[in-house]
Amino acid sequence: MLFKTDAEKAFKVETYLSPEMDAAIKLWEQMESGKPPWLQDSDGRTVTFWNTIAEEWAKLITQNIDIKVQGIRSGEMPEKMQGIIDKYFLKNARDNIHAMVFWGGIMAKWDGEGIEFLKPNMFLPAEYDSSGEIKAAIFFSYYQADKKFYTKAEWHRFETETKDGVSTRIYHVSTKAFRSDNQDDIGREVRLSETKWKDIEPEFWAENLEKPLFRYIKCPVYNFVDSDSPMGVPCFANCTEELRWLDIAMSTMGTETENSTPMMMVDQSVIQYATMNGIQLPKFIMNTGIDLSGDGSKPVEQWQPQLQVTSRKEGINFYLSVIGYKCGFDPGYFVFDGQNIQATTATQVRVTQKRTADTALSYRDVLDKPNTNGDGRVGAIHDIAYIINAMLVINGDVPLSDNGNYELFCSFADLLKNEEEDAAMDLQLANQGYMAKFRWLVLHRGYTEEDAKQMVQEAVEESRANAQDERLFGEE
């Protein structure tokens with residue numbers, strides 16, 4: 001929950017969450033819980049296909065993701081950073097990216113020991129620059145104890161202090177705690193010492209920071225909900241109506257299937273006779289409550305429902321195609337009956353799936369990409385590494401001399417690479433003498449270079465021995 005007005009009053013600061021974005025976030029909350037608003041006034045059900053979309057993107061984006069921290073010089077910084085990145089980012093990378101795609105963005109923030117990832121219902125932007133980068137924010141945490149509800153609000157921002165004519169840029173964090181009898185009310189302010197956050201200082205300052213101790217990881221999707229907002233929207237934000245239609249189509253087909261059992265409709269007189277004589281009728285008997293024949297000459301009539309499977313599947317696949325395309329996938333990526341795009345060669349597969357790969361790469365660029373000035377790489381992963389480095393120094397876990405003693409290397413799976421075709425081409429090169437055969441075993445079978453060379457040598461020796469045996473046999 002977001003106590004926007006209360007937080008603004010407590011810190012005397014303006015936050016930026018428009019009514020449109022607030023309504024959108026609440027809609028996504030309903031969808032995440034499997035209770036979209038269109039189910040409230042109907043008997044339909046949801047297939048929560050938006051979760052499938054987010055999970056598919058998370059899988060493609062994080063496929064074979066790896067982050068390595070190396071030291072520029074001797075020191076403990078690289079090892080400590082690697083441990084935090086492994087535990088707080090790589091271990092749950094797929095879940096975190098799923099949340100980023102689903103919510104349009106998530107906030108990465110230091111939590112005292114590592115990095116936590118917050119959904120947009122856990123923070124409020126308080127300042128952002130002309131490029132939309134959030135520079136100040138209020139973060140919320142909650143817990144319940146002894147029938148009381150506690151809220152922690154942290155206001156992170158940069159301030160400029162002037163002393164003796166010299167201006168210094170200071171990073172400032174103010175923390176307040178609140179206690180309430182009602183979960184929907186922030187209540188009154190209490191001392192941090194009265195809560196489980198008693199070890200947190202109400203005011204924290206740090207100098208020489210170039211970036212905030214948080215990073216908003218934003219989806220590369222145009223925010224048509226509120227184009228002036230610094231916050232992002234999920235990839236399915238522009239096809240909510242189609243997702244509603246998909247739910248209707250799937251629910252209709254499911255209802256038809258549930259009611260597809262053949263039934264026997266019987267005359268009311270049959271029901272009366274069975275009741276009077278204690279006869280238990282089978283489940284497939286349907287009591288219409290009316291006289292079927294009028295004169296009782298036809299007391300039983302069979303009813304066989306007709307399923308509209310073909311037309312239903314066509315409708316469902318149409319919605320899947322529109323939804324998939326709007327979310328950045330290639331046409332036909334999602335198919336109800338499990339069919340795949342047919343292509344005769346791996347090259348054609350690469351072409352037909354290029355839109356999907358390009359979209360996944362645009363998401364990866366949010367995490368890691370070359371700097372536009374050609375100097376190194378930038379992205380959310382690098383900003384998270386900066387936060388870890390800064391907090392390790394601030395907390396005294398490494399000496400100040402070790403500040404900045406790291407280089408970050410990120411890698412992902414090549415989504416456009418076709419293993420079978422590449423292996424076949426390299427094998428042809430090896431057979432024609434343009435590539436060492438042991439190299440093929442290393443690249444495509446995972447052998448170490450030493451083992452691969454030994455295998456090739458054994459094969460060569462065996463081939464020579466066989467050739468010698470054939471010559472000897474021929475002489476006889």
Side-chain angles (χ1 to χ4, degrees), residues 20 23-61 94 97-105 219-225 232-260 305-343 348-349 351-360 362-363 415:
E20 293 80 8
I25 291 171
K26 291 176 180 177
L27 169 63
W28 304 332
E29 285 179 331
Q30 292 176 300
M31 295 172 69
E32 184 189 43
S33 64
K35 300 176 181 178
W38 53 83
L39 297 187
Q40 296 176 2
D41 301 323
S42 70
D43 296 328
R45 301 173 184 175
T46 179
V47 295
T48 61
F49 196 70
W50 41 86
N51 284 329
T52 301
I53 294 170
E55 182 62 22
E56 189 67 16
W57 278 133
K59 180 183 70 176
L60 292 172
I61 296 166
R94 186 161 167 176
I97 298 304
H98 178 118
M100 184 266 284
V101 174
F102 184 93
W103 291 94
C219 274
V221 177
Y222 177 72
N223 186 346
F224 71 94
V225 176
V233 297
C235 64
F236 57 78
N238 195 28
C239 55
T240 305
E241 188 66 10
E242 287 88 343
L243 289 166
R244 183 179 74 87
W245 294 339
L246 177 64
D247 274 348
I248 293 173
M250 294 291 287
S251 295
T252 302
M253 187 170 186
T255 300
E256 284 185 355
T257 303
E258 287 181 343
N259 298 328
S260 62
Q306 297 295 320
L307 290 177
Q308 306 296 320
V309 176
T310 301
S311 59
R312 296 294 182 205
K313 283 171 57 178
E314 290 177 355
I316 290 170
N317 282 329
F318 171 76
Y319 295 135
L320 287 176
S321 180
V322 174
I323 292 169
Y325 190 82
K326 280 193 169 186
C327 291
F329 293 95
D330 284 277
Y333 192 93
F334 297 108
V335 182
F336 180 67
D337 56 9
Q339 294 178 356
N340 297 313
I341 297 176
Q342 298 298 318
Q348 288 176 305
V349 172
V351 173
T352 56
Q353 296 298 320
K354 190 176 185 304
R355 190 170 193 269
T356 302
D358 287 345
T359 304
S362 71
Y363 279 97
L415 297 178

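This is a predicted model, so every value here is computed, not measured.
Counting all heavy atoms, side chain and backbone alike, A360 lies closest to I61 at O-CG1, 4.2 Å. The two residues I53 and C235 make their nearest non-hydrogen contact at CG2-SG, 3.6 Å. In this structure, A237 and F224 approach most closely via the heavy-atom pair O-CZ, 3.0 Å.
Taking the salt bridge (Lys or Arg N to Asp or Glu O under 4.0 Å) definition, one finds that K326 meets it with E242, sequence neighbours left out. Under the salt bridge (Lys or Arg N to Asp or Glu O under 4.0 Å) criterion, E55 pairs with R94, sequence neighbours left out. Residues that satisfy the side-chain contact (heavy atoms from CB on, under 4.5 Å) test with S321, not counting sequence neighbours, are absent from this structure.
Side chains of L320 and V335 form no contact here, defined as non-hydrogen atoms less than 4.5 Å apart. Using a 4.5 Å heavy-atom threshold, the side chains of C239 and V322 count as separate. Contact of the M31 side chain with the F236 side chain is registered, since non-hydrogen atoms from C-beta on lie closer than 4.5 Å. By the 4.5 Å heavy-atom criterion applied to side chains, H98 and N51 are counted as neighbours. Using a 4.5 Å heavy-atom cutoff, the side chains of P37 and Q30 are in contact. At least one side-chain heavy atom of C219 sits under 4.5 Å from a side-chain heavy atom of M100. Looking at W57 and T359, their side chains come closer than 4.5 Å, going by heavy atoms from C-beta outward. For the pair W103/I25, a side-chain contact is recorded, criterion being any heavy-atom separation below 4.5 Å from C-beta on.
A ring-centre distance under 6.0 Å is not found for F102 and W28. Note: Y333 and Y325 fail the aromatic proximity criterion, with ring centroids not under 6.0 Å apart. Separation of the F334 and F49 ring centroids falls under the 6.0 Å cut-off.
Under the 3.5 Å distance criterion, with hydrogens and angles disregarded, a donor-acceptor pair is assigned to the side chains of W245 and E241.
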**Report entry** Audit row: I316, M250, side-chain contact (heavy atoms from CB on, under 4.5 Å) steps and yes/no
**Finding:** CA-CA 7 Å; I316 290 170; M250 294 291 287; 3.3 Å; yes

Query raised in the report: Hey, mind stepping through I323 and F329 against side-chain contact (heavy atoms from CB on, under 4.5 Å) and telling me if it holds?
Result: CA-CA 9 Å; I323 292 169; F329 293 95; over 6 Å; no

**Report entry** Residue pair V47, D247: steps toward the side-chain contact (heavy atoms from CB on, under 4.5 Å) verdict
**Finding:** CA-CA 6 Å; V47 295; D247 274 348; 3.4 Å; yes

Query raised in the report: What do the steps show when you test Y222 against N238 for side-chain contact (heavy atoms from CB on, under 4.5 Å), and what is the final call?
Result: CA-CA 10 Å; Y222 177 72; N238 195 28; over 6 Å; no

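K26 has no carboxylate O lying under 4.0 Å from a charged side-chain N of E29, or vice versa, which leaves the two without a salt bridge.
Not one N or O on the side chain of T46 forms a donor-acceptor pair closer than 3.5 Å with the backbone of G34. Of the possible donor and acceptor atoms, none in the side chain of N223 sits under 3.5 Å from a partner among the backbone N and O of G232.
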